[in-house]
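Chain letters run A, B, ... following the sequence lines, proteins first, then strands; residues in each count from 1.
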Amino acid sequence: MIACQEKKPYWKIRPQKGWNPLDLLELWAYREVLWMLALRDIKLRYKQTALGVVWVILQPLLPGLIFAVIFGKFARLPSDGQPYLLFVFSGLIPWMLFSNMIQRSGGSLVTEARLITKVYFPRMLVPLASGVSVLVDFFVSMGLMFFLMVLYGVPLQPVLGLLPIFLLTAILLGAGIGLWLSALNVKYRDFMYALPFLVQVWMFATPVVYGMAVVPEKWRFLYSFNPMVGVVEGFRLCFLGKSSVGVEHIALSVGAALAFFILGSLYFRSVERGFADKL
Amino acid sequence: MSEVAIRIEGLGKCYRLRHQGAVRYNTLRDDLVNWMKAPFQFLSGREKKGACEQEDFWALRDISCEIKHGEVVGIIGRNGAGKSTLLKILSRLVDPTEGGADLFGRVGALLEVGTGFHPELTGRENIYLSGAILGMTRHEIQRKFDEIVTFAEIEKFLDTPAKYYSSGMYMRLGFAVAAHLEPEILVVDEVLAVGDVQFQKKCLGKMKDVSVSGRTVLFVSHNMSAIRSLCSRAILLKDGRVAADGDVEKVTEAYMALHTDSKAFAGNLAAHPGASGSKKVVFEWARVGHGDGVENGQFCIGDDLHIEFKIKAGAKVVESFLKLGIMMRSQDGIKLCSLVDSDSGFVMDDFCAECELSVKLEDMRLYPGTYYITLWVGDITSINTYHWVEECLSFEVIDGGKLTSRKLSRAGGLLFWTPEWKKNNIKQGHE
């Protein structure tokens with residue numbers, strides 16, 4: 001055997017302290033695990049349901065219809081001159097993407113406790129995979145939106161090209177907050193119970209069932225500190241070509257999304273090494 | 001080969017024990033208060049200095065060793081000696097508190113059978129999922145797919161959800177996926193302790209293939225005969241430290257010798273090193289003897305064996321329904337039997353504070369050798385363990401007695417049976 005120089009260790013195990021940067025190389029190396037976990041989530045979601053995939057369509061459609069009846073018909077909330085169903089649906093799509101992402105990834109680590117205490121892979125993949133699985137629902141609701149637009153005879157707008165910006169912002173924001181919540185949930189299960197309320201309150205603080213136009217001009221900037229404001233109004237702008245959202249609001253959303261994602265992943269990385277002990 | 005595969009230096013793991021009542025659990029409110037006091041310290045997740053002082057429990061301490069490529073090393077020790085903690089650190093599930101370890105090569109860790117399996121998914125889906133989680137690429141799994149399916153013997157049920165599998169099938173599939181991993185370093189926990197005998201044999205055979213293929217294997221087990229047949233070297237852990245390291249025969253002997261220490265604990269089983277469980281009900285004392293109330297650990301084949309013990313409520317409120325179990329192991333670590341009270345038609349349904357029990361095993365037919373007894377008490381569903389005292393008693397079967405007329409070799413087996421022999425003369429020719 002040739003005497004060779006000592007190789008670099010494949011795994012270097014040391015006590016870790018302080019902040020850990022995001023290890024993108026490692027995440028990339030484990031990308032297949034992310035994909036398999038997401039695929040599993042999608043497969044599992046509608047197993048043993050009679051309606052199966054129909055739920056993917058019903059889930060955004062039913063709240064859309066309910067909101068259209070309650071807020072459009074009875075409360076007569078203004079909808080910028082658009083059919084209220086389209087109006088509320090264009091807001092619901094990004095909102096459901098975001099809220100499903102934080103709800104699913106928030107509890108994911110606790111649900112996957114068994115896996116996390118038995119095998120190593122970057123822990124971040126668990127909440128991220130839950131997030132990825134939500135994207136499937138999102139694309140189905142997008143299809144539904146286009147269908148509704150054809151039904152109502154609303155033409156596609158050239159601003160639709162901007163959609164990827166808002167989509168990416170929503171994903172970053174959802175992933176960032178999801179990472180944060182999932183890690184906090186390991187330590188304090190309180191978050192599991194608080195989350196549904198948070199999501200509900202947050203929805204009404206976001207222009208989903210009403211338009212940003214109803215918010216008085218002088219409050220709009222403050223209002224858009226809720227990063228979902230820019231995202232939801234951005235989606236509405238792309239679909240319906242009309243919105244009171246300004247560039248400054250969108251910039252705030254993008255900035256907040258980046259900040260949440262960076263801080264969320266940093267926090268996650270700094271506490272992940274204790275997961276196996278705490279779960 | 002002389003290249004190092006695993007180098008462990010001064011490895012230690014400290015757990016903070018929290019005694020109920022004495023120190024409160026960290027609640028969100030406590031942490032919010034701490035956070036107000038020192039926001040940056042809290043955010044960085046750093047433990048506060050001095051917080052880990054009073055209730056330190058070192059599950060592992062000062063572990064140092066080097067394992068070369070191609071070595072097959074057994075890790076042995078009682079429950080609670082730190083074996084699992086060591087494996088968890090080496091497979092990166094938990095962080096060490098001090099020291100470190102370097103692993104040179106792709107690592108595969110098997111801490112359970114069927115990692116990542118989901119009961120709702122089919123066998124096929126589970127193979128891909130579990131394979132990916134254990135570190136195989138999609139391509140690798142595709143290549144070995146047929147081999148895995150054949151090994152697990154589940155061809156017919158490939159597209160059936162795993163929840164409809166028998167537990168045997170589940171185990172087989174789990175092991176099959178794991179066995180087809182091809183890491184350079186394989187870390188295996190007692191996964192072989194499951195499944196039927198035939199399957200265990202198959203697993204051991206597979207493990208043997210792996211060990212001769214030049215891969216580095218770290219193998220934790222209670223099964224001394226498995227350790228002896230697979231490993232060339234063993235490391236004995238005791239109270240979180242390395243008690244012996246070297247030739248497998250010598251170290252397994254040292255492990256056996258540990259048991260003689262345990263006699264000293266006969267008076268106080270709650271403090272026994274092999275004890276675990278919630279201690280809602282505890283064994284106070286236990287002895288083996290000939291039924292005359294005196295501890296006597298020597299028997300001849302054919303003697304009656306009496307196991308006597310006292311159980312006592314450890315908590316104020318105790319269910320009156322209990323289940324009791326007795327497990328026996330041979331010197332080689334082979335599990336002989338698991339006796340459960342209800343199998344003998346005995347039901348413990350009126351337990352209040354304490355009681356003494358005796359178990360009489362008539363006409364004991366074990367071969368000469370030393371045997372170890374583990375006692376267990378739990379709730380009637382056997383889900384909750386109240387007290388489990390690993391190998392707290394031992395007895396010796398010596399040569400002699402009414403039944404034996406020849407010298408029995410220890411290698412001759414475990415059971416001395418005297419079945420009925422019959423002869424049937426076949427008439428040859430005519431009278």
Side-chain angles (χ1 to χ4, degrees), chain A residues 1 3-4 6-20 29-37 39-41 43-45 47-48 112 114-123 125 183-184 187-191 194 263 266-279, chain B residues 1-4 6-8 11-13 15-16 26-28 31 43-47 88-112 115-116 118 120-122 125-126 128-138 141 161 184-185 189:
Chain A
M1 182 121 217
C4 55
E6 195 153 278
K7 285 183 296 181
K8 230 181 107 204
Y10 185 77
W11 275 1
K12 208 173 167 73
I13 300 166
R14 294 285 180 276
Q16 288 172 50
K17 287 194 177 73
W19 297 99
N20 272 348
Y30 278 89
R31 63 192 180 280
E32 274 183 28
V33 179
L34 175 75
W35 174 238
M36 290 306 295
L37 285 175
L39 200 65
R40 183 200 61 174
D41 270 15
K43 277 182 187 162
L44 286 179
R45 202 172 308 155
K47 272 211 175 169
Q48 284 228 344
E112 296 303 334
R114 202 182 150 78
L115 202 56
I116 283 166
T117 51
K118 292 295 181 196
V119 65
Y120 176 80
F121 52 86
R123 274 68 183 88
L125 294 182
L184 282 170
K187 210 171 176 193
Y188 322 99
R189 303 286 151 91
D190 309 63
F191 283 92
L263 285 176
L266 277 176
Y267 176 73
F268 192 95
R269 289 280 296 166
S270 75
V271 295
E272 68 174 351
R273 54 179 172 269
F275 286 168
D277 286 335
K278 289 197 182 81
L279 279 166
Chain B
M1 282 205 260
S2 59
E3 268 179 273
V4 177
I6 304 174
R7 181 186 297 126
I8 304 172
L11 199 68
K13 173 79 186 172
Y15 280 103
R16 220 196 308 175
N26 263 22
T27 62
L28 182 56
D31 278 357
L43 272 182
S44 65
R46 218 170 284 174
E47 299 289 343
K88 276 187 183 163
I89 292 175
L90 290 181
S91 47
R92 282 181 79 178
L93 293 174
V94 298
D95 256 23
T97 312
E98 59 175 34
D102 291 327
L103 288 89
F104 300 87
R106 207 177 131 191
V107 184
L110 304 177
L111 299 193
E112 70 171 345
T115 311
H118 199 288
E120 296 283 350
L121 297 177
T122 67
E125 291 165 333
N126 270 319
Y128 278 99
L129 178 63
S130 178
I133 287 170
L134 289 172
M136 279 195 253
T137 62
R138 204 178 166 71
I141 304 168
E184 287 146 292
I185 300 170
D189 201 356

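Remark: Arg114(A) engages Glu112(B) in a salt bridge, criterion side-chain N to carboxylate O under 4.0 Å. Salt bridge Asp189(B)/Lys118(A): absent, no basic N to carboxylate O contact under 4.0 Å.
Inter-residue side-chain proximity for Lys43(A) and Thr122(B) is flagged as unmet; no heavy-atom pair is nearer than 4.5 Å. Here the side chains of Val119(A) and Ser91(B) are not in contact, with every heavy-atom distance at 4.5 Å or above. Between Leu121(B) and Leu44(A) there is a side-chain heavy-atom pair separated by less than 4.5 Å.
Rounding to the nearest 0.5 Å places CG of Leu37(A) at 6.0 Å from CG of Leu129(B). With rounding to the nearest 0.5 Å, the separation of CE in Met36(A) from OG in Ser130(B) is 9.5 Å. With rounding to the nearest 0.5 angstrom, the CZ atom of Phe104(B) is 7.5 Å from the NZ atom of Lys12(A). The structure places CD1 of Ile8(B) at 8.5 Å from CD1 of Ile13(A), a figure rounded to the nearest 0.5 Å. Separating the CZ atom in Arg92(B) from the CZ atom in Arg123(A) is a distance of 9.0 Å, to the nearest 0.5 Å. Within the model, atoms CD1 of Ile133(B) and OH of Tyr30(A) stand 11.5 Å from one another, a figure rounded to the nearest 0.5 Å.
Residue with the most contacts toward chain A among Met136(B), Lys13(B), Lys88(B): Lys13(B) (heavy-atom pairs, distance under 4.5 Å). Counting heavy-atom pairs closer than 4.5 Å to chain A, the top-ranked of the candidates Arg106(B), Glu120(B), Arg138(B) is Arg106(B). Highest contact tally toward chain A, considering only Gly99(B), Gly131(B), Pro161(B), Gly135(B), is held by Gly99(B) [criterion: heavy-atom pairs under 4.5 Å].
Applying the side chain to side chain donor-acceptor pair (under 3.5 Å) rule to Arg189(A) yields no partners; only residues at least two apart in sequence or on another chain are considered.
Neither the backbone nor the side chain of Leu125(A) comes within less than 4.5 Å of any heavy atom of chain B. Proximity to chain A involves both the backbone and the side chain of Ile89(B), based on heavy atoms less than 4.5 angstrom apart.
Between the side chain of Glu98(B) and the backbone N or O of Pro15(A) there is no donor-acceptor pair closer than 3.5 Å.
Contact record, Tyr120(A) with Leu93(B): N-CD2, 3.7 Å, taken as the closest heavy-atom pair.
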